[in-house]
Peer 1: 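Have a look at this one.
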Amino acid sequence: MLKIWLIRHGMTEGNRYQRYIGVTDEPLCEDGRELLEKFTYPKPQAVFVSPLKRCLETAAILFGDPKVRIIDQLAECDFGEFENKNYQELDGNEHYQSWIDSGGLLPFPGGESREEFKRRNVTGFQKAVNGCLRNGISLAALVVHGGTIMAVLSSLTGGEYFDFQVKNGEGYETVLEWIQGSWKITSLTKI
C-alpha cells in the first residue's frame with residue numbers, strides 16, 4: 001500500500017485575480033504564504049514537486065526544508081494565448097469562447113490539449129510512484145497545481161476532470177494498491 005497526498009500550491013497574485021497561470025513562474029503572494037502557515041500536514045517520507053516556484057515555496061512552508069524531488073512532468077498546463085489572463089480579459093476573444101463552448105475540451109490556442117496535459121502529468125505521477133517503490137516509501141506528498149491534480153485523478157479514477165478542483169493549499173489523500181498488475185486508487189479523501 002502506498003499513500004500519496006496531492007496538494008495544490010499556495011495562492012499567487014495570478015490566482016488572486018483568477019488568471020490562467022500555467023507556465024508563468026510566479027511566486028506565492030504574501031496572503032498565500034500566510035494561509036499555508038495555517039495548514040498542518042504530517043511529515044511525509046518524500047516530497048515530489050513541480051519545478052515551478054509556487055510549488056517549491058509551498059513545499060518548504062508545509063514541510064520545512066525537505067529535500068524535494070522535482071518532476072518536470074508535474075508542471076501546470078500551458079494555457080497558450082490565455083496565459084496570465086482571466087475570463088474578464090478574455091471576454092470577446094473568439095478562441096476563448098470556442099474553448100468555453102467545448103467544455104474545455106479544445107486545445108488551448110498555442111498551448112497544450114487536455115489529453116497531452118493529462119498524459120504528461122500521469123507520467124510524472126508514475127515517476128513519483130516508482131521513486132517511492134525504489135526507496136521503500138509508503139507516504140509521499142506531491143506539491144503540484146490544481147490542473148495537475150485534476151489531470152491525474154480524472155485519469156486514474158475515470159472521473160470527470162473538473163470534479164477534482166481544489167483550493168490553494170488543499171488536495172486529496174490517495175491510497176494506491178497493486179491490483180492485477182497495476183496500481184489502483186483504493187481510497188480517495190479530500191484533505
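Here the structure is a predicted model, which means the values were calculated and not measured. Along the sequence shown, residues carry numbers from 1.
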Peer 1: Counting only heavy atoms not in Glu94, do more than 12 fall under 6.0 Å of its CD?
Peer 2: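 Open.
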Peer 1: Using the benzene-type ring in the case of Trp, are the ring centres of Trp99 and Phe108 under 6.0 Å apart?
Peer 2: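 Under 6.0 Å, so yes.
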Peer 1: How long is the gap from SG on Cys132 to CZ on Arg69, to the nearest 0.5 Å?
Peer 2: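 So the gap between those two atoms works out to 7.0 Å.
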Peer 1: Answer with yes or no whether the side chains of Glu26 and Thr12 bring together a donor and an acceptor at under 3.5 Å.
Peer 2: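 Yes, Glu26 and Thr12 have a side-chain donor paired with an acceptor closer than 3.5 Å.
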Peer 1: Any luck finding a side-chain donor-acceptor pair between Glu76 and Thr148 under 3.5 Å?
Peer 2: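 No donor-acceptor contact under 3.5 Å links the two side chains.
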Peer 1: Ignoring hydrogens and geometry beyond distance, is a side-chain donor-acceptor pair present between Gln97 and Asp91 at under 3.5 Å?
Peer 2: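 Distance-only check fails for Gln97 and Asp91.
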Peer 1: For Glu13 and Cys29, work out which heavy atoms get closest and say how close.
Peer 2: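 What the structure gives for the nearest pair is OE2-CB, 3.3 Å.
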Peer 1: Any side-chain heavy-atom pair from Glu83 and Val23 closer than 4.5 angstrom?
Peer 2: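 In contact.
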Peer 1: Are Lys167 and Glu170 within salt-bridge range, i.e. N to O under 4.0 Å?
Peer 2: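 Answer for the salt bridge query: no.
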Peer 1: Just to verify, what does Glu37 make a salt bridge (charged side-chain N to carboxylate O under 4.0 Å, His left out) with, not counting sequence neighbours?
Peer 2: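 With sequence neighbours excluded, Glu37 shows a salt bridge (charged side-chain N to carboxylate O under 4.0 Å, His left out) to no residue whatsoever.
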Peer 1: Find the distance between SG (Cys77) and CZ (Arg120) and round it off to the nearest 0.5 Å.
Peer 2: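 One gets 7.0 Å once the value is rounded to the nearest 0.5 Å.
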Peer 1: Taking the side chain as every heavy atom from C-beta outward, state whether Val129 and Leu2 have any pair of such atoms under 4.5 Å apart.
Peer 2: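 A side-chain contact exists here, since the closest heavy-atom pair is under 4.5 Å.
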Peer 1: With the side chain counted from C-beta on, respond yes when Phe125 and Phe48 share a heavy-atom pair under 4.5 Å apart, and no when they do not.
Peer 2: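 A side-chain contact is absent here, since even the closest heavy-atom pair is not under 4.5 Å.
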Peer 1: So do Thr58 and Leu56 actually touch side chain to side chain, heavy atoms under 4.5 Å?
Peer 2: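 Leu56 vs Thr58: side chains apart.
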Peer 1: For the residue pair His145 and Ser50, what are the closest heavy atoms and their distance?
Peer 2: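 Looks like NE2-OG, 2.7 Å.
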Peer 1: For the atom pair CG (Asp25) and CG (Leu52), what is the distance rounded to the nearest 0.5 Å?
Peer 2: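 Result: 4.5 Å between the selected atoms.
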Peer 1: Does any part of the side chain of Met1, heavy atoms only, come nearer than 4.5 Å to the side chain of Val175, both counted from C-beta?
Peer 2: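 In short, these two side chains touch, coming nearer than 4.5 Å.
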Peer 1: With a 4.5 Å heavy-atom cut-off, do Phe39 and Leu36 have their side chains touching?
Peer 2: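 Touching, per the 4.5 Å side-chain cut-off.
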Peer 1: Side chains of Phe164 and Thr157, heavy atoms from C-beta outward: is any pair under 4.5 Å?
Peer 2: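 Counting from C-beta outward, Phe164 and Thr157 do come under 4.5 Å.
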Peer 1: Which heavy atom of Arg8 sits nearest a heavy atom of Val166, and at what distance?
Peer 2: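 Shortest heavy-atom separation between Arg8 and Val166 comes out as NH1-O, 2.9 Å.
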Peer 1: So, Arg54 and Glu57, do they make that salt bridge, N to O below 4.0 Å?
Peer 2: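 Result for this pair is no, no salt bridge flagged.
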Peer 1: What residues form a side-chain contact (heavy atoms from CB on, under 4.5 Å) with Asn86, not counting sequence neighbours?
Peer 2: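 By the side-chain contact (heavy atoms from CB on, under 4.5 Å) rule, Asn86 matches Arg19, Gln88, Glu89.
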Peer 1: How many angstroms lie between atom CG of Asn15 and atom CG of Asn168, to the nearest 0.5 angstrom?
Peer 2: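 Answer for the CG-CG pair, Asn15 versus Asn168, is 4.5 Å.
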Peer 1: Taking the inter-plane angle between the rings of Phe82 and Tyr20 on a 0 to 90° scale, is it parallel (under 30°), tilted (30 to 60°) or perpendicular (over 60°)?
Peer 2: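 Ring orientation of Phe82 relative to Tyr20: tilted.
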Peer 1: Could you check Lys118 against Ser154 for side-chain contact (heavy atoms from CB on, under 4.5 Å), going step by step and ending with a plain yes or no?
Peer 2: CA-CA 9 Å; Lys118 287 170 73 172; Ser154 64; 3.5 Å; yes
Peer 1: Measure the spacing between CH2 of Trp183 and CD of Gln126 and express it to the nearest 0.5 Å.
Peer 2: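 Reported value, rounded in 0.5 Å steps: 9.5 Å.
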Peer 1: Are a donor atom and an acceptor atom from the side chains of Glu177 and Thr186 found within less than 3.5 Å of each other?
Peer 2: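 Yes, Thr186 and Glu177 have a side-chain donor paired with an acceptor closer than 3.5 Å.
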Peer 1: Looking at OG1 of Thr24 and CG of Asn84, how far apart are the two atoms once the value is rounded to the nearest 0.5 Å?
Peer 2: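 Those atoms lie 4.5 Å apart.
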